[in-house]
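Naming: A, B, ... by sequence-line order, numbering from 1 per chain.
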There are 2 protein chains.
Amino acid sequence: MFEKFNETIKTNNLIEKNDTILMGVSGGADSVYLFFGLLSLKEKYNLNLKCAHINHGIRESAKRDELYVKSLCDKYDVEFNLLSTNMNEYALKEKLSKEEAGRKLRYDFFNKIATSKAKIALAHNFDDNMETILFRIIRGTGISGLRGIPYKRDNIIRPLLDTKRQTIEEELKKLGIPWMLDETNLINDYSRNMLRNELIPFVEKNFNTSFKESLNRLRLNSTEIYDFISKETKAYTNKNYLEVEKVIDLDQGLLNEVIRTFILRNKNNLNSIDRNHIEAFINLMKSENGKSINLPGINLYKHDDKIFAQGKTIDRNESSLNLGENFTDFGKFELSKDKLNGEHVIVIDYESINGNLKVTKRESGDRFNPIGLKGSKKLKDFFNDIKISPFLRNEIPIIRDEKDIVWVVPYRMSENNKIKEDTKNKLWIKWEEK
Amino acid sequence: MFEKFNETIKTNNLIEKNDTILMGVSGGADSVYLFFGLLSLKEKYNLNLKCAHINHGIRESAKRDELYVKSLCDKYDVEFNLLSTNMNEYALKEKLSKEEAGRKLRYDFFNKIATSKAKIALAHNFDDNMETILFRIIRGTGISGLRGIPYKRDNIIRPLLDTKRQTIEEELKKLGIPWMLDETNLINDYSRNMLRNELIPFVEKNFNTSFKESLNRLRLNSTEIYDFISKETKAYTNKNYLEVEKVIDLDQGLLNEVIRTFILRNKNNLNSIDRNHIEAFINLMKSENGKSINLPGINLYKHDDKIFAQGKTIDRNESSLNLGENFTDFGKFELSKDKLNGEHVIVIDYESINGNLKVTKRESGDRFNPIGLKGSKKLKDFFNDIKISPFLRNEIPIIRDEKDIVWVVPYRMSENNKIKEDTKNKLWIKWEEK
């Protein structure tokens, strides 16, 4: 029982001791199986299990499903959270497809209940994953999309991805646990149901009874190869610009992946980006500074022998800074109460800090008080003064406390934090570019 | 007209000036289009065009197709070669499927007519290629198989791979050129026809009218990525053994590809090789010398911190050696009438050579006369004498003329070729390991 489920959790490190896990439980076989699977690990991992159920209000039997899930929660002492909603109305109102509306309602609800530390466990199974991969093959994908649904992404975990639908139903039967007709299947759009109920059975019957296993092998091979490629591209795409000299002589296959990764990070998707656009991108890299091109959903500029994207810029994850070494998206920060040496070090008055320190990129409207100056000025003006190209400004780490900017790294710290005569405790902060 | 056809030829360097090209022409639309396409380039490239037609003897109309192709050849002054055969009888006799029998007959016939310098042009089109890729996805494949049918392989070229079936038929109509019902479609097995006539139309109708274009983008992406991976793996797989130390710390994705490439070269295919076998292979690398494992169709040994495959060994292409530098599978050989210096150099009597020199690997029954010895001995015994591990013997370059072994590189040259008092012309041969 729960064999693949346990294996998946182990192999992918989905669960740690003392985790809080919010399970999405519709009452269908998959989510009920997830419920009992996690329940079986509750003691071992000292889990804090919670349950979220959505009554979509689209069927008479929705109330019955709700009551079933609630009864499970009551019986096994799991916190029950309910969202009652009318999905169809919501879809109409928000001009979304039913599928999109359902997904949005689900994720909004889950994120509302889950605290920042909690994990959200979803019940996608092996067959769901293979259907998704086939769907992508049909609709169009590259190797990247053949990797299927991720086991883990942000705070979401999917421990059933290796467990087959058939196994789930068989094991539930053996355990004598009932389940409801899964409402989410009714939410799935027409194409998805046609793929599941007509296309795949047709292929299995006429071509290969182990079709899904074949897809799964392709998934594993793609994942493995893509992971390797990703590692190779990462060195070139960890900034919000591409350095032409560093990438232009890369092997063509790798260069194209670097460009795709760069576009993906700046445009958030690769929709409508085809090979001609990649070629145009390469031509831009080879052309003079000052040139630009417009691709679907993204504008690109060559400046200072670098390629920049206009519009969305890549997210730099803000990191809180604590005493000791802090490895962040903006490089390494060392914080110490003892003196630090190095090229980029400041020392500040420990007591002058309001709340916690963190490192972020600039935000619109930022102001600060450069040391030696009376009064504050706009960060934008400061950047203009020290002649930082507008293209590069998102790359500049800004250390701030909960009130003000402390250090525009490495250019200038704030007047507010400087050492004074009555300073009792000092804090050294050292930055090393990554 | 012939737009994609010309583009494909250019992009992939399929044709060179003065080429002799043997076209396979069934009389169907694809091959008739190929015929006229190549004819249109005849002058530009000074092509020597020949035609091969097979009368499979499976339909009444086969004779009509034969006569049609012959009439084209006569009209446009192209050499016509005919094979009349009964495919069904042949299939029965050789215990092959009709499809396999047809393929074997075709290739045997083509190879018989084509001289070693000639290219064989086949008429596989864009749609054929996409069908092949879909077939592989369904039956099971990795990224490697998603690359589809190659434009060029050995002496075979496929200039229609980017041209759609529809384009072919439309352009032939515009040119007023008739074609016959393609007999090879009837040879195709049941599954292929079901894929072409039922599965693909179903997907196009219900999911994506540009399904084949989607597959083609996946093909391009896979090709690009696989080419990159291949270059990376090549450094580790260019011998008939794997050096454990060199590969064991590679990134997992790359290591797996190295192993797959190694198995492919030694077993000629990857049939039945799954992830468990790759894992067993890795365990073998980590175990002690002397251990072995048996995988489907291939036995593997660890010896001298290397992994060897038993059975089939990789082909080392024999290369003829000429004056100057020769880059071969066995390293670089420099031949000169002037003195050469280096670690591995011999000098021989130019007149003692019988015919041309070439470098090959050992062959069973090889004998030679090591310099300083009276009479010949078995090469096997010689290897035993100098304590070359049996595992490594296929790696040893053997230079031979048309009669005898000249040099077992770099260990011993032959007595037959040594410099004598009356030697007029000397030849220096220098070897550099790759």
Using non-hydrogen atoms only, which part of [X] is less than 4.5 Å away from chain B: side chain, backbone, both, or neither?
X: Lys212(A); result: neither
X: Arg219(A); result: neither
X: Glu232(A); result: side chain
X: Asp227(A); result: neither
X: Leu134(A); result: neither
X: Ile229(A); result: side chain

Can you name the residues that form a side-chain contact (heavy atoms from CB on, under 4.5 Å) with Glu198(A), not counting sequence neighbours? Met194(A), Phe202(B)

Test: Glu131(A) and Arg165(A) ion pair at under 4.0 Å: yes

Specify whether Phe228(B) and Phe228(A) have parallel, tilted or perpendicular ring planes, treating 30° as the upper limit for parallel and 60° as the lower limit for perpendicular. parallel

Go through the side-chain N and O atoms of Asn283(A) and Glu279(A) and say whether any donor and acceptor fall under 3.5 Å apart. no

Between Glu213(A) and Asn208(A), do the side chains contain an N or O donor and an N or O acceptor separated by less than 3.5 Å? no

